[in-house]
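Quick notes on the structure that follows.
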Amino acid sequence: MEFLFNCKLMKLMGGGNLNSLVCKIVFLFIAVLILRSLLFPSNNLVVYMSNKNVGFVVEQQKFLEVPQIVWGLNNQKIAFARACLTARMLNRTLLMPSLSASLFYKEVDLLKPISFDKVFQFDKFNELCSGFVQLGRYSDLTNATEVIEIQKGGGRKWTVERDLDHLRELKNGSFDEYEVVKIVGKNPFLWHDHWPVKDYANVFECLVLVDEISQEADRVVSMIREVGKNNRYVAVHMRVEIDWMIHCKKLEQRLNTNQICSSKNEIIERVGNIEGLNKSPPIVLYLAVADKLLQNSSILEGWKDGFLPYEKKKLGVDKIYGKYSYLVQSAIDYEMCLRADVFVGNSFSTFSSLIVLERTQKMIKLGVSSMCGSDVKWPSFAYNIQGELNGPMRWVTNMSDSSLQAISYGTNHISC
Ligand SMILES: *[C@@H]1O[C@H](CO)[C@@H](O)[C@H](O)[C@H]1NC(C)=O
Ligand SMILES: *[C@@H]1O[C@H](CO)[C@@H](O)[C@H](O)[C@H]1NC(C)=O
Ligand SMILES: *[C@@H]1O[C@H](CO)[C@@H](O)[C@H](O)[C@H]1NC(C)=O
Ligand SMILES: *[C@@H]1O[C@H](CO)[C@@H](O)[C@H](O)[C@H]1NC(C)=O
Ligand SMILES: *[C@@H]1O[C@H](CO)[C@@H](O)[C@H](O)[C@H]1NC(C)=O
């Protein structure tokens, strides 16, 4: 608790002349306020303590409201983080947005809103992100809420610069009187990026799955760990379905490169060449693949000796997954890849890129100094780029990048 506070501390903070009675009264008053805000969390009073003159500024909380967050899990995570960072920029609390349970983004009726707190823990988010960004509930709003609706632009002419200028205008004091700034528009947070990678990483770190989903992920992770004798597994995010292949071939042409599309055979070859992996066979592989590939068992064939490939179906968990919406299924697959001992993905996939970002964060937390070294914990690789010994390239996220662009559009500069 940040408010842990006693009279000695108050003296240190400049209240040296306070006699102990006054000190105790002030202390009690603060304690009551804190207790009150703990007991009645919907209370709108925010207490700021200034350490210079031990005074209070009581301010009404201000909010930012955003439209439903849409598209795939990765796009939703990125757009959610942008909504948070926009709220941070405007000194406002983000009203907890709806995510989308389904992937059908063209038909609005099928967008199936799902409350953020059905997927991620609300209180945990605020605890972990305290001092950085905060989420509020609609019930936090006062009765006489003053809302101003702001249309965000879109389309080709709405450039990053215009978007940023527009956000800066919203910081203008003339909006202060509104309790809620409500941003409307077509997916206003999918496109424009104004923040460094570190800021996104800070937000992602605060996203903790609700117990029901994380227990499901625990179950699937422990099943795959039980397959091998040493409890280790390698997750491979295989993008080889037809629609991806069409998309990536076009991208290769446009960017004049051949380092985006990898065929199934190339993936098998490069994963098979990862240094050190062969030391302790069998090596259990979890193949994270699009659902339509589960109908085609050829994805499990052709792997080198000593590799035991599994996907949801062979693992027998397609029924578990089947109970859940698209978004939750994706979130479970994401966990499978995040927690794998080794991860191999495609550096042009946003899903893979977000996983590597979080794995890089985990390495940084462990204090790993040379993250591209061969003996690191949580190593990741990109199979679309050739690395040493014809294996995949080692991959970490460059946390000093000034924007998330590389992650949202794909790159073959992968820092190792
Ligand atoms: C936001 O809050 C910070 C710190 O409380 C303050 O310095 C800044 O002026 C505020 N900005 C706006 C636009 O209110
Ligand atoms: C809020 O509004 C409702 C209905 O308009 C009213 O019954 C209630 O007393 C109001 N509450 C406060 C705190 O003003
Ligand atoms: C804030 O908005 C008002 C009215 O639109 C304008 O006159 C003023 O120049 C703006 N201030 C800043 C700092 O942009
Ligand atoms: C299964 O995938 C292989 C290549 O990955 C492809 O050649 C084959 O046509 C697919 N079969 C079906 C039934 O989709
Ligand atoms: C990481 O990004 C920073 C800022 O863009 C750049 O200066 C640096 O060279 C990059 N590091 C690597 C290893 O790519």
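Nothing here was measured: the structure is a model prediction, and the numbers come from that model. Start at 1 with the first residue, then count along the sequence.
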For the backbone of [Y] and the side chain of [X], can you confirm whether one donor and one acceptor N or O come within less than 3.5 Å of each other?
X    : Y    : answer
E252 : I260 : yes
E311 : V289 : no
D193 : W195 : yes
H194 : L85  : no
E212 : Q215 : no
E179 : T142 : yes
Q121 : L209 : yes
R359 : P379 : yes

Would you check if [X] and [Y] make a side-chain contact, meaning some heavy-atom pair closer than 4.5 Å?
X    : Y    : value
L207 : F116 : yes
H192 : L167 : no
L95  : K182 : no
R394 : V376 : yes
Y286 : K312 : yes
I224 : L315 : yes
S262 : F348 : no
L164 : M89  : yes

Taking all atoms of both residues into account, what is the closest heavy-atom pair of [X] and [Y], and its distance?
X    : Y    : answer
M336 : V220 : SD-CG1, 3.4 Å
T93  : G136 : CG2-N, 3.3 Å
S352 : H237 : OG-ND1, 2.7 Å
N346 : W395 : O-CH2, 3.6 Å
V240 : L293 : CG2-CD1, 3.6 Å
A288 : D333 : CB-OD2, 3.8 Å

Worked check of salt bridge (Lys or Arg N to Asp or Glu O under 4.0 Å) between D341 and R225 | CA-CA 10 Å; D341 299 280; R225 288 198 187 283; 3.0 Å; yes

Does [X], at its [atom1] atom, have more than 12 non-hydrogen atoms belonging to other residues, nucleotides or ligands within less than 6.0 Å?
X    : atom1 : answer
K304 : NZ    : yes
K229 : NZ    : no
D375 : CG    : no
K362 : NZ    : yes
K314 : NZ    : yes

Are the aromatic rings of Y310 and Y233 close, with centres under 6.0 Å apart?
-> no

Would you check if the distance from the ring center of Y334 to the ring center of F351 is below 6.0 Å?
-> yes

Between the side chains of [X] and [Y], does any donor sit under 3.5 Å from an acceptor?
X    : Y    : result
R239 : S349 : no
Q68  : S100 : yes
N265 : S263 : no

Going by the side-chain contact (heavy atoms from CB on, under 4.5 Å) test, name the single residue among N398, L357, N202, T360 that passes it with V197.
-> L357

L170 and side-chain contact (heavy atoms from CB on, under 4.5 Å): which partner among I150, L64, T86?
-> I150

Test log, rule side-chain hydrogen bond (donor to acceptor under 3.5 Å, both in side chains), inputs Q386 and N390 = CA-CA 6 Å; Q386 188 177 322; N390 287 331; 2.6 Å; yes

Starting at CZ of F189, measure out to CD1 of I183 and round the result to the nearest 0.5 Å.
-> 4.0 Å

CH2 of W158 to NE2 of H166, rounded to nearest 0.5 Å, is 5.0 Å

Might you work through the salt bridge (Lys or Arg N to Asp or Glu O under 4.0 Å) test for E216 and R219, ending with a clear yes or no?
-> CA-CA 5 Å; E216 217 59 280; R219 193 138 74 99; 2.8 Å; yes

May I have the step-by-step check of ring pair (Phe, Tyr, Trp, His ring centres under 6.0 Å) for F120 and F80, ending in yes or no?
-> CA-CA 12 Å; F120 299 107; F80 170 77; 7.3 Å; no

Side chain to side chain contact (heavy atoms under 4.5 Å, CB included) between V70 and N75, intermediate numbers included | CA-CA 7 Å; V70 300; N75 289 307; over 6 Å; no

Over-ring placement of R137 relative to F122, 6.0 Å and 45° cut-offs = yes

With side-chain hydrogen bond (donor to acceptor under 3.5 Å, both in side chains) as the test, would you mind laying out the steps for S347 and N384 before giving the verdict?
-> CA-CA 7 Å; S347 68; N384 56 309; 3.0 Å; yes

Residue pair E275, S374: steps toward the side-chain hydrogen bond (donor to acceptor under 3.5 Å, both in side chains) verdict | CA-CA 8 Å; E275 195 192 343; S374 60; 4.9 Å; no

Are the two sulfur (SG) atoms of C84 and C129 closer than 2.5 Å?
-> no

